[in-house]
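Working notes for the structure below.
When reading the values below, keep in mind they use all heavy atoms of this one structure, side chains included, and skip hydrogens, waters and symmetry mates.
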Amino acid sequence: TLVDFDAALRAGLQAASEVLSAATDRLVTPAELTLTRDRIARDLRMAPGALARAREESFRQILATGGASDEVIVARTSTAFFAARDTALLPFDDVEETVGALLVRGLVLVAATNGNAAMVQAPIFRRMHLLWTAEEARVAKPDPAFFRGAMARSGARVETTLMVGDRMDNDVSPAIALGMYGVLLDRDGRAYDVDAPRIGSLRDLPALIEAVTSGA
């Protein structure tokens, strides 16, 4: 919603796959890295630091399948991954302006993500009143406990909380089920038959909030 995590992750995976391909003398793809990391992350569940450990362990296991077990290469792969990912961790072009407008309005802004603390290092997150991650919550969206935890931590009430997300299944639907006001951010205009308010840009959000709070 705020930062293009997908693009940043793709950049990191591409950089890591290039290092591992050279080290194992075979083609290591971003897809292979993702599958390996997801399998390991499931075993670690939501323990603190689990996502970062799963990422590093995935590099280690892929090296082992190529007959290598060099911690120097694991460290080099991690460095390449995080450097490329963090460089590409940029906000969408409708974010800065909208966040500024919402702050001027006096709203409490909470960034809630299924990522970990390392994924919210982009400067835009420093403008949030609260960061709420799946790693901290020990549970991930769309679990209702994730949303309840964010509200409890921020002191929000469900009836005065608005959730904006770019996925109905993970973000908007579970928020609405809890009694929040849910809004789908559909930047690409690809969502159909959506049973929730929809905006094509975050720039549309202040006007929507004004309409909701004024009862229009």
Side-chain angles (χ1 to χ4, degrees), residues 1-92 110-126 128 130-150 153 165-171 174:
T1 303
L2 298 176
V3 172
D4 196 344
F5 286 126
D6 289 340
L9 182 58
R10 287 195 299 271
L13 289 171
Q14 183 60 41
S17 66
E18 290 171 4
V19 175
L20 291 171
S21 294
T24 58
D25 199 28
R26 72 175 181 86
L27 178 62
V28 176
T29 66
E32 180 183 355
L33 282 172
T34 298
L35 288 172
T36 305
R37 181 266 195 184
D38 287 351
R39 174 175 51 77
I40 296 168
R42 281 195 298 271
D43 294 339
L44 292 173
R45 302 188 185 279
M46 296 305 301
L51 297 178
R53 293 204 307 276
R55 180 73 64 196
E56 183 174 281
E57 182 59 25
S58 71
F59 301 154
R60 190 173 289 112
Q61 289 191 13
I62 286 174
L63 274 175
T65 63
S69 57
D70 190 334
E71 288 302 307
V72 172
I73 299 176
V74 172
R76 188 187 309 154
T77 306
S78 292
T79 297
F81 171 84
F82 290 115
R85 187 201 67 180
D86 293 350
T87 298
L89 205 55
L90 302 172
F92 291 100
V110 178
T113 173
N114 274 355
N116 58 11
M119 291 295 283
V120 290
Q121 296 304 306
I124 187 63
F125 290 104
R126 298 172 198 155
M128 302 290 110
L130 174 70
L131 302 179
W132 184 247
T133 68
E135 185 177 52
E136 179 181 4
R138 302 292 294 273
V139 66
K141 295 182 292 185
D143 194 307
F146 177 88
F147 297 91
R148 291 194 188 101
R153 181 63 62 85
D166 55 13
R167 287 178 56 176
M168 284 296 297
D169 58 343
N170 242 31
D171 303 318

| Looking at residues at least two apart in the chain, or sitting in another chain, which of them share a side chain to side chain donor-acceptor pair (under 3.5 Å) with Asp169? | Arg167
| Are Val72 and Val74 side-chain neighbours, meaning at least one heavy-atom pair lies under 4.5 Å? | no
| message | Measuring only between side-chain heavy atoms, which start at C-beta, is Val19 closer than 4.5 Å to Phe59? | response | no
| Short question: side chain of Thr36, backbone of Leu33 - any donor-acceptor pair under 3.5 Å? | no
| query | What pair of heavy atoms forms the shortest contact from Ile62 to Thr65, and how long is it? | reply | O-OG1, 2.6 Å
| request: Just jot down the side chain to side chain donor-acceptor pair (under 3.5 Å) partners of Arg148, sequence neighbours excluded, or say none. | output: none
| task | Before giving the answer on salt bridge (charged side-chain N to carboxylate O under 4.0 Å, His left out), spell out for Glu57 and Arg60 the whole-Å C-alpha distance, their side-chain angles and the decisive distance to 0.1 Å. | result | CA-CA 5 Å; Glu57 182 59 25; Arg60 190 173 289 112; 2.7 Å; yes
| query | Looking at side-chain heavy atoms only, is the closest gap between Val3 and Leu90 below 4.5 Å? | reply | no
| task | Using modelled atom types only, decide if a donor and an acceptor are shared between the side chain of Asn114 and the backbone of Lys141 within a distance under 3.5 Å. | result | yes
| field | Closest non-hydrogen atom pair between Ser17 and Val28, with its separation | value | CB-O, 3.0 Å
| query | Where do Leu131 and Glu136 come nearest, in terms of heavy atoms and distance? | reply | O-OE1, 3.6 Å
| If you take all heavy atoms of Met128 and Leu2, which pair is closest and at what distance? | SD-CD1, 4.1 Å
| If you measure from CZ on Phe5 to CZ on Arg10, what distance do you get to the nearest 0.5 Å? | 13.5 Å
| query | Ala122 and Leu89: which non-hydrogen atoms are nearest, and at how many Å? | reply | CB-O, 3.6 Å
| remark: Closest non-hydrogen atoms of Gln14 and Pro30, given as atom of the first, atom of the second and distance, are OE1-CG, 3.7 Å
| task | May I have the step-by-step check of side chain to side chain donor-acceptor pair (under 3.5 Å) for Arg37 and Gln61, ending in yes or no? | result | CA-CA 9 Å; Arg37 181 266 195 184; Gln61 289 191 13; over 6 Å; no
| field | Candidate pair Phe81 and Asp86, rule side-chain contact (heavy atoms from CB on, under 4.5 Å), full reasoning | value | CA-CA 9 Å; Phe81 171 84; Asp86 293 350; over 6 Å; no
| task | Could you grab the distance from atom OG of Ser58 to atom CG of Leu13, nearest 0.5 Å is fine? | result | 8.5 Å
| request: List the steps and the verdict of salt bridge (charged side-chain N to carboxylate O under 4.0 Å, His left out) for Glu32 and Arg26. | output: CA-CA 12 Å; Glu32 180 183 355; Arg26 72 175 181 86; 2.7 Å; yes
| remark: Here the gap from Asp70 atom CG to Thr77 atom OG1, rounded to the nearest 0.5 Å, amounts to 9.5 Å
| query | How are the rings of Trp132 and Phe146 set to each other: parallel, tilted or perpendicular (split at 30° and 60°)? | reply | tilted
